[in-house]
Amino acid sequence: MAYESGSFEAAIAAASGEDADLRAQIVAGYVESVVIQIDLLGRARCDGNWEVAAQRLKGLGASFHDGELVALAERALESAPGDPVAVRHLMDYSARLTAKT
């Protein structure tokens, strides 16, 4: 599947326009979704749950033109389910994303 490349900030700006409150709500929703999916990935105990959570992260990243999240989710998909390195990279990403908001 091909994903349109673009900027996360441009995607947020296109969705919110000049409305700062709307922008804040969109970013907060995005961050919350990312955190939830990373938590689910980290708690996955079977191949199917791991794959679903990683695919959701990849789709979320693609929807918001967040290339870093897409790349991390692809790395998780290519790794063994439960791979602590893949989870740690995503958790680090989540911490940076949360700190920016």
Side-chain angles (χ1 to χ4, degrees):
M1 180 180 291
Y3 294 101
E4 181 181 339
S5 66
S7 160
F8 176 76
E9 290 299 324
I12 298 297
S16 63
E18 299 292 322
D19 190 334
D21 289 335
L22 180 57
R23 182 192 189 292
Q25 290 175 5
I26 292 170
V27 170
Y30 177 73
V31 170
E32 180 181 4
S33 295
V34 168
V35 168
I36 288 169
Q37 291 308 314
I38 291 172
D39 179 60
L40 290 172
L41 183 81
R43 292 187 293 124
R45 296 292 171 248
C46 70
D47 296 0
N49 289 344
W50 177 269
E51 176 128 358
V52 168
Q55 287 287 1
R56 286 181 179 167
L57 282 166
K58 184 176 177 180
L60 188 58
S63 296
F64 282 84
H65 304 285
D66 187 343
E68 183 177 3
L69 181 57
V70 171
L72 290 170
E74 286 175 344
R75 185 179 305 164
L77 285 165
E78 293 167 359
S79 66
D83 181 3
V85 174
V87 174
R88 186 173 60 245
H89 285 288
L90 283 159
M91 299 278 285
D92 291 345
Y93 167 80
S94 173
R96 288 191 317 274
L97 184 66
T98 303
K100 284 196 277 188
T101 59

What's the shortest heavy-atom distance between H65 and A11, and which atoms? CD2-CB, 3.3 Å
Salt bridge (Lys or Arg N to Asp or Glu O under 4.0 Å) pairs touching residues 12-30, sequence neighbours excluded, are E9-R23
Which heavy atom of V70 sits nearest a heavy atom of G61, and at what distance? CG2-C, 3.5 Å
Residue pairs involving residues 15-48 (criterion ring-ring contact (aromatic ring centres under 6.0 Å, His included); sequence neighbours excluded): F8-Y30, Y30-F64
What is the distance from atom CZ of R75 to atom CD of E78, rounded to the nearest 0.5 Å? 9.0 Å
If you define the side chain from C-beta out and look only at heavy atoms, does anything of V34 sit under 4.5 Å from L60? yes
Output the distance between atom CG (D83) and atom CG (L77), rounded to the nearest 0.5 Å. 12.0 Å
Show the atom names and distances, to 0.1 Å, of all donor-acceptor pairs under 3.5 Å that link a side chain in residues 84-95 to residues at least two apart or in another chain.
residue: Y93; atom: OH; partner: D66; partner atom: OD2; Å: 2.1

Please identify each residue that fulfils side chain to side chain donor-acceptor pair (under 3.5 Å) with Q25, with sequence neighbours left out. none
Here the pair of heavy atoms bringing A15 nearest to L22 is O-CD2, 3.8 Å
Could you walk me through whether I12 and V27 pass side chain to side chain contact (heavy atoms under 4.5 Å, CB included), step by step? CA-CA 7 Å; I12 298 297; V27 170; 4.0 Å; yes
Enumerate, atom names and distances included, each donor-acceptor pair closer than 3.5 Å involving a side-chain atom of residues 40-51, sequence neighbours excluded.
residue: R43; atom: NE; partner: D39; partner atom: OD2; Å: 2.9
residue: R43; atom: NH2; partner: D39; partner atom: OD2; Å: 3.1
residue: W50; atom: NE1; partner: A76; partner atom: O; Å: 2.9

Please check if atom CD in E32 has more than 12 non-hydrogen atoms from other residues, nucleotides or ligands closer than 6.0 Å. no
